[in-house]
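Since the structure comes first, as structure tokens, the remarks are kept for the end.
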Amino acid sequence: MKYVLVTGGVVSGLGKGVTASSIGVLLKNCGLRVTSIKIDPYLNIDAGTMSPFEHGEVFVLDDGGEVDLDLGNYERFLDITLTRDNNLTTGKVYQSVLDRERRGDYLGKTVQVVPHITDAIQDWIQRVAHIPVDGRDGVPDVCVIELGGTVGDIESSPFVEALRQFHFKVGPNNMCIVHVSLVPIIGVVGEQKTKPTQHSVAVLRSLGLHPDLLACRCSEPLDDSVRGKLALFCQVPPENVLTMHDVSNIWRVPLLMQSQDAHKTILRVLGLSGHADKLDMHGWKTQIADRWDSLKDPVKIAMIGKYTALSDAYLSVIKALQHACMAAGMKLQLDWVEAQYLEPEAKETDAAKYETSWQQVRAADGVLVPGGFGNRGVEGKILAAQYAREHKVPYLGICLGMQVAVIEFARNVLGVKDADSTEFNPGTPNPAVVFMPEISTKHMGGTMRLGGRRTVLQSISCLTAKLYQKEQYIDERHRHRYEVNPEMVPQLEAAGLMFVGKDETGERMEVVELQENPSGHPFYAAAQFHPEFKSRPGRASPLFLGFILASGKRLNSYLTSRATPQPSPHSTPVKPSPATSLGLEGLNLSAIGGSGSSSSGAAAGSGASQALFKGSS
Ligand code: GLN
């Protein structure tokens with residue numbers, strides 16, 4: 001097993017996750033099997049209890065693991081399926097050591113950070129690195145380890161010490177260390193400053209880790225003189241000092257590293273130089289990085305959320321929209337709408353925001369209500385769903401977005417005016433959405449329905465079946481406690497809201513669509529699961545693709561142009577080949593007018609270039 005360790009210095013939020021994922025992409029496209037481990041030095045056992053306000057979205061894995069959003073970057077960049085153990089936290093390490101202590105496994109010894117915690121970290125890394133994540137048997141060749149936080153933090157010190165020992169144990173030819181640092185530009189002449197990087201490398205070296213490469217984040221390309229200075233002071237050859245300047249989209253980062261032969265350096269350190277010549281980034285460049293920049297036809301999507309000031313809170317939804325736009329050949333224009341400003345009370349308290357928010361909804365080609373928890377803004381989301389249904393604007397609801405769609409339909413079509421969810425109104429006499437835990441009806445804690453679950457399709461002619469190109473079932477990831485009240489389903493269906501996907505028991509409603517006739521709605525679909533977590537560049541989530549195509553008025557031509565049904569890549573692991581490793585086999589670009597050609601100059605769909613690099617936009 002070979003390891004690439006990615007550390008960070010100076011400040012957090014530099015794009016360490018994207019850098020680490022990009023290294024993985026380069027190694028994968030050299031023909032190596034790559035896995036990854038993200039280390040988060042906080043005490044939480046996992047990200048499940050953390051607020052999206054503070055830490056961005058909680059990413060959900062197939063096995064139900066609630067993990068840091070960087071694991072989403074790895075899954076998307078490398079097209080792999082990780083496990084909950086691929087996210088190591090201080091909480092998990094301490095829990096495992098304390099469990100062993102209680103069992104008496106330490107045989108009377110004093111249990112200490114060194115060696116017990118540091119040994120546990122090394123054992124964990126070694127064990128998890130060997131888990132296959134690409135759907136094939138056998139162990140991966142390389143494990144990319146990203147150490148969260150910045151070196152020198154109190155929190156990360158046991159991990160740094162463990163990794164120092166691990167480096168010594170596996171030997172220098174089996175581990176390559178990449179340090180991501182900041183080169184700020186200051187002053188009127190725009191001088192690139194090396195001192196912060198010098199200091200953070202000095203800290204790293206004092207802890208016993210010597211970087212093989214420096215990945216220097218800077219808004220501009222690094223000057224040669226600056227590169228030379230960093231090489232001299234940090235004891236890294238100048239060609240190993242990478243300029244990681246802002247680029248037009250995050251998919252360009254692996255290409256930026258390739259252009260500086262980063263893969264060759266990493267492979268040389270790992271004793272794998274023979275693989276360097278195999279690198280093939282053509283598909284990645286033309287079908288993903290260039291394609292994104294070449295998109296021109298705009299599609300305006302209103303995202304009705306709660307944490308709209310923080311796009312990290314909806315990172316996977318944004319990525320899924322971007323993948324769908326790439327596949328549909330459309331340029332994403334994302335408008336953030338704060339749900340609570342759509343509510344009638346806002347007219348009194350914040351008239352200007354009420355007006356602009358509704359203007360945004362009215363101007364949108366498609367309305368998306370993503371997942372969420374808690375009361376705030378729920379009535380606004382219900383109003384947005386009503387608007388989209390009545391005005392025949394494409395609507396995609398995810399998790400809470402499905403629940404509000406059902407409540408809205410019950411209130412305004414069935415006439416059950418006080419229909420509600422017991423999450424927001426526990427005493428409601430007409431619950432359209434109810435608490436329905438998978439295991440126990442008594443327990444509140446640990447009852448979230450999490451991870452991959454099967455949805456059985458109820459009809460081969462529903463839109464969902466057509467988009468997934470599946471006739472029987474689909475597998476998607478979940479994270480919820482509340483569900484559509486099965487008792488209300490017959491009434492809702494009689495009025496035209498069809499539950500086209502259910503779980504295997506038929507009790508849990510998974511996907512809802514408006515009956516095509518007589519509604520005449522171009523696209524009204526909502527799912528209890530989160531399709532965004534399995535979306536990939538080059539293999540857009542079918543529901544997102546349908547939504548974007550409908551919003552761009554291209555859905556019908558896409559559906560009619562689809563030839564014979566193909567197996568969905570979402571449920572069967574595909575044997576990697578140069579094309580499938582990028583997941584490009586599902587693209588039917590010519591049928592929907594996407595050019596796929598490359599051109600430069602077009603701005604990215606959302607966010608500034610730096611934000612795009614950070615991977616947090
Ligand atoms: N709050 C809702 C539930 O628990 C929806 C959850 C979500 O959108 N992820 O069921």
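Both ligands and their constituent atoms are indexed starting at 1 by order of listing.
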Identify the closest protein heavy atom to atom 4 (O) of ligand 1: which residue and atom is it, and at what distance? Arg481 N, 3.0 Å
Between Lys38 and Asp68, does any NZ, NE, NH1 or NH2 come within less than 4.0 Å of an OD or OE carboxylate oxygen? yes
Could you tell me whether Gln528 and ligand 1 have an N or O pair separated by under 3.5 Å? no
Is the number of heavy atoms from other residues, nucleotides or ligands within 6.0 Å of CD (Glu493) greater than 12? yes
Protein residue, atom and distance nearest to atom 10 (O) of ligand 1, heavy-atom basis: Tyr482 N, 2.7 Å
When you look at NZ of Lys347, are more than 12 heavy atoms from neighbouring residues, nucleotides or ligands closer to it than 6.0 Å? no
One finds that the ligand 1 atoms under 4.0 Å from a non-hydrogen atom of His530 are 9 (N)
Got a sec: does the CD1 of Ile45 have more than 12 other heavy atoms crowding it under 6.0 Å? yes
What heavy-atom pair brings Tyr524 and Tyr395 nearest, and what distance separates the two atoms? CD1-CB, 3.5 Å
What protein heavy atom sits nearest atom 1 (N) of ligand 1, and how far off is it? Glu423 OE1, 2.8 Å
Residue-ligand contact Met448/ligand 1, heavy atom below 4.0 Å: no
Taking Leu82's backbone N and O only, do any of them form a donor-acceptor pair with Glu75's side chain (distance below 3.5 Å, no angle check)? yes
Does an N or O anywhere in Gly372 fall below 3.5 Å from an N or O of ligand 1? yes
A student checking ligand 1 against Gly371 at a 4.0 Å heavy-atom cut-off should list atoms 8 (O)
Please work out whether any backbone atom (N, CA, C, O) or any side-chain heavy atom from C-beta onward of Arg479 is under 4.0 Å from ligand 1, and answer side chain, backbone, both or neither. backbone
Which atoms from ligand 1 have a heavy atom of Cys399 less than 4.0 Å away? 5 (C), 6 (C), 7 (C), 8 (O), 9 (N)
Is it true that Lys353 and Glu348 make a salt bridge, defined as a side-chain N closer than 4.0 Å to a carboxylate O? no
